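What follows is a set of notes on a single structure, which appears directly below.
Chain A is the first sequence line, chain B the second, and so forth, proteins listed ahead of strands; every chain is numbered from 1. None of these values were measured; they are calculated from a predicted model.
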2 protein chains.
Amino acid sequence: MKKILIVEDDKDIANLISEALTSQGFKTYLVNSLAQAYSFLIQSLVDLVVLDLILPDGDGIELLKYLRFSSKFSNIPVVIVSARGAELDRVLGLELGADDYVVKPFSLRELVIRIKKILKNKDFPLSQVRVGPLLLDKEKKTIFLEDNPLNLTPTEYKILEVFMENPEKVFSRDELSNHIWALEREYYSRVLDAYICRLRDKLGEYGELIETVRGFGYRLKKPA
Amino acid sequence: MKKILIVEDDKDIANLISEALTSQGFKTYLVNSLAQAYSFLIQSLVDLVVLDLILPDGDGIELLKYLRFSSKFSNIPVVIVSARGAELDRVLGLELGADDYVVKPFSLRELVIRIKKILKNKDFPLSQVRVGPLLLDKEKKTIFLEDNPLNLTPTEYKILEVFMENPEKVFSRDELSNHIWALEREYYSRVLDAYICRLRDKLGEYGELIETVRGFGYRLKKPA
DNA sequence: CTCTTTTGTTAAAATTTTGTTAAATTTTTG
DNA sequence: CAAAAATTTAACAAAATTTTAACAAAAGAG
């Protein structure tokens with residue numbers, strides 16, 4: 001069940017939103033200030049945040065910024081719900097990475113539709129992804145290279161999976177590590193480099209599909 | 001390059017949208033009726049449709065339905081742009097599978113952001129900056145010169161990035177150094193000059209885009 | 001024009017980053 | 001529990017980048 005955090009200081013509005021979402025099968029959590037939002041997020045991962053901009057202890061935009069610049073939370077979708085409908089606000093919110101911006105008064109039904117749409121895009125359960133000669137089959141937990149299954153260890157598989165879901169994107173070692181191990185290492189480790197080396201090996205003549213971007217990290221090239 | 005079909009009978013609005021999108025690197029096609037839209041879509045696949053609802057030969061919703069129920073076109077994103085802002089219309093549009101619904105009058109900037117956001121879900125690089133013949137793609141950590149990727153070292157990349165984010169601005173060597181190395185050097189170094197030299201080299205005929213402001217520092221010219 | 005200062009240019013030294021591999025350690029499996 | 005597999009470490013090699021430093025060229029002042 002998808003978890004949604006509602007950050008809204010107006011009790012009535014918060015309850016309305018909450019009911020609308022609950023009736024659609026979401027689990028909701030209500031907080032009414034920035035401070036509460038921060039502490040809630042730290043201890044519990046949610047799937048989406050509904051964010052009011054005008055809060056008793058500050059501007060909701062701050063929370064949006066915080067989420068976007070955090071490596072851990074940067075991909076939690078945020079829907080802004082605000083009485084501030086000025087173009088400047090909308091543009092600012094969207095540019096900072098809000099996934100949608102709904103101006104009050106809005107219809108609950110519309111809000112729910114928009115939220116569903118966003119979450120649907122998120123976990124597009126497309127079970128097969130193709131990148132050049134590689135084919136990722138999530139059902140089978142197998143990656144094929146020109147129709148031959150690669151013999152990968154679990155971690156090797158995860159790394160290549162992340163790459164294939166984001167072809168062309170450059171991952172820093174940290175970013176990649178966070179995806180693979182879900183925890184930050186406090187010390188400097190070269191495990192990842194070792195894996196990249198072995199992956200290239202297993203990709204044989206296609207080894208150079210994994211490109212090192214010196215000073216930044218690695219990426220999976222998508223052949224033209 | 002992403003192709004966008006604009007279905008809009010008001011010439012002025014159509015042109016405005018078209019310009020805004022073109023300036024951001026999209027290729028646009030304009031049609032002013034449902035009939036034209038159908039025939040265009042059949043012969044040419046586009047990446048997204050901007051759809052006005054009120055058209056001379058019918059309701060844009062019909063086109064949306066057609067696209068959604070067609071197996072071939074069902075995953076082309078549709079953004080509705082309409083003067084009909086009533087909740088009923090919005091909900092109907094979104095429920096039929098429109099990816100966004102923008103009510104007139106709207107800001108072009110907002111429309112462009114929303115469109116980019118939708119296409120990004122389909123793996124479109126959102127973070128792009130264009131200055132003259134240069135294109136900075138942060139996602140790919142690559143700078144293109146007339147569509148050819150430049151082969152830059154990390155520091156060269158950073159310098160050009162700072163320039164591209166502040167075209168025309170004159171940077172003193174100190175200021176630039178602080179941006180690049182984040183620390184002040186206590187002794188006088190000419191590293192930066194060496195980098196500028198190599199950057200100009202790599203920019204080839206466009207080398208003089210990086211201009212020396214004698215006695216002050218450097219800047220990146222933005223051609224008219 | 002001549003001198004002085006600033007900037008351009010370049011090769012080589014110094015440093016940093018990445019590749020590679022084997023062995024040590026940990027985890028999983030039978 | 002033992003064997004196998006997988007992960008991690010650590011060390012050295014290779015490659016690329018950064019920095020220095022020296023000289024050349026250009027610009028400005030008088």
So does A:Trp181 get a side-chain nitrogen or oxygen closer than 4.0 Å to the phosphate oxygens (OP1/OP2) of D:dT7? no
Parallel, tilted or perpendicular, judged at 30° and 60°: which one describes the rings of B:Tyr29 and B:Phe40? tilted
OP1 or OP2 of D:dT8 sitting under 4.0 Å from any side-chain N/O of A:Ser189? no
Given protein heavy atoms under 4.0 Å, the one-letter contact record of nucleotides 11-21 of chain C, with B base, S sugar-phosphate only and - none, is simply ------BBBB-
Measure from CD1 on A:Ile180 to C1' on D:dT8 and round the result to the nearest Å. 15 Å
Residues A:Lys222, A:Glu168: salt bridge by 4.0 Å N-O rule: no
Partners passing side chain to side chain contact (heavy atoms under 4.5 Å, CB included) against A:Asp9 (at least two apart in sequence or in another chain): A:Asn32, A:Asp52, A:Leu55, A:Pro56
Test: A:Glu62 and A:Lys65 ion pair at under 4.0 Å: yes
Lys/Arg N to Asp/Glu carboxylate O, A:Lys117 vs B:Asp100, below 4.0 Å: no
